[in-house]
Amino acid sequence: MEDMNEKSRQECPPDYNLYEYAVIRYVPVVERGEFINIGLIMMCKRRRWLKCEICVDEKRINSFCRHADVEMLRRQAALFMRRDVPQRDLPVEETYRWLTAVKSAVLQTSPSHPGIAVESLDDTFRRLFLELVE
């Protein structure tokens, strides 16, 4: 077991950062389970780094769900961006867990996915956001 841990440490240089991310989804009818990606949240515990971005594209949302209340969706999605109650005093990993907890609501997150950033965390976030949301 120690050999495996030593090998893992050697394969991941110290300047690389382990991170986790989840996609924020709009699920207009929870019972149907259909969704459209509207945001991304990413966390790196080692760097105490947390970032979230939302993109509510009205044209795209309306083509997905004709009866969507886009303004309400924007207000609800903005809650992911807030840094106050109840997660204000939590470490980034706990804030991330709180934000990505399983919910049965019109805004949900995907399962959490791990990764290793070989570029900066901001560059990795931007790349993932472009691939998964925009």
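In this text the structure is predicted, and so the values were computed from the model without any measurement.
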Nearest-0.5 Å distance that lies between atom [atom1] in [X] and atom [atom2] in [Y]:
| X | Y | atom1 | atom2 | result |
| --- | --- | --- | --- | --- |
| L107 | L99 | CG | CG | 11.5 Å |
| T100 | F80 | OG1 | CZ | 8.5 Å |
| L18 | M43 | CG | CE | 10.0 Å |
| I41 | L128 | CD1 | CG | 13.0 Å |

Quiz item: Given the rule that I, L, V, M, F, W and Y join up when any side-chain heavy atoms are under 4.5 Å apart, are I61 and M81 in one cluster?
Solution: yes
Quiz item: Under a single-linkage definition using a 4.5 Å side-chain heavy-atom cutoff for Ile, Leu, Val, Met, Phe, Trp and Tyr, are L40 and W49 assigned to the same hydrophobic cluster?
Solution: yes
Quiz prompt | Pairing residues for F35 by the side chain to side chain contact (heavy atoms under 4.5 Å, CB included) criterion, not counting sequence neighbours | solution = R25, V27, N37
Exercise. With sequence neighbours left out, write down each residue that passes side chain to side chain contact (heavy atoms under 4.5 Å, CB included) with V29, or none if nothing qualifies.
Key: E31, R32
Identify the two heavy atoms, one from [X] and one from [Y], that lie closest to each other, and give their separation to 0.1 Å.
| X | Y | result |
| --- | --- | --- |
| A22 | T109 | CB-CB, 4.2 Å |
| I24 | C52 | CD1-SG, 3.7 Å |
| C44 | L121 | CB-CD1, 3.7 Å |
| V106 | V30 | N-CG2, 4.1 Å |
| S112 | Y96 | OG-OH, 2.6 Å |
| A68 | Y26 | CB-OH, 3.5 Å |

Quiz item: Taking only residues two or more places apart in sequence, or in another chain, which ones meet Y21 in a ring pair (Phe, Tyr, Trp, His ring centres under 6.0 Å)?
Solution: H113
Quiz item: Among K45, E119, R47, which one satisfies side-chain hydrogen bond (donor to acceptor under 3.5 Å, both in side chains) with N17?
Solution: R47
Quiz item: Taking only residues two or more places apart in sequence, or in another chain, which ones meet R48 in a side-chain hydrogen bond (donor to acceptor under 3.5 Å, both in side chains)?
Solution: none
Within the distance-only criterion (no hydrogens, no angle test), does the side chain of [X] pair as donor or acceptor with the backbone N or O of [Y] below 3.5 angstrom?
| X | Y | answer |
| --- | --- | --- |
| R74 | V56 | yes |
| K103 | A101 | yes |
| R46 | Y16 | yes |

Quiz item: Quick one: salt bridge (charged side-chain N to carboxylate O under 4.0 Å, His left out) partners of D122, sequence neighbours excluded?
Solution: K51
Quiz item: Which residues pass the salt bridge (charged side-chain N to carboxylate O under 4.0 Å, His left out) test with R97, sequence neighbours left out?
Solution: E20
Practice problem: Measure the shortest side-chain to side-chain distance between F129 and M42 over non-hydrogen atoms and say whether it is less than 4.5 angstrom. | Solution: no
Quiz item: Hey, are the side chains of I38 and L73 touching, using non-hydrogen atoms and a 4.5 Å cut-off?
Solution: yes
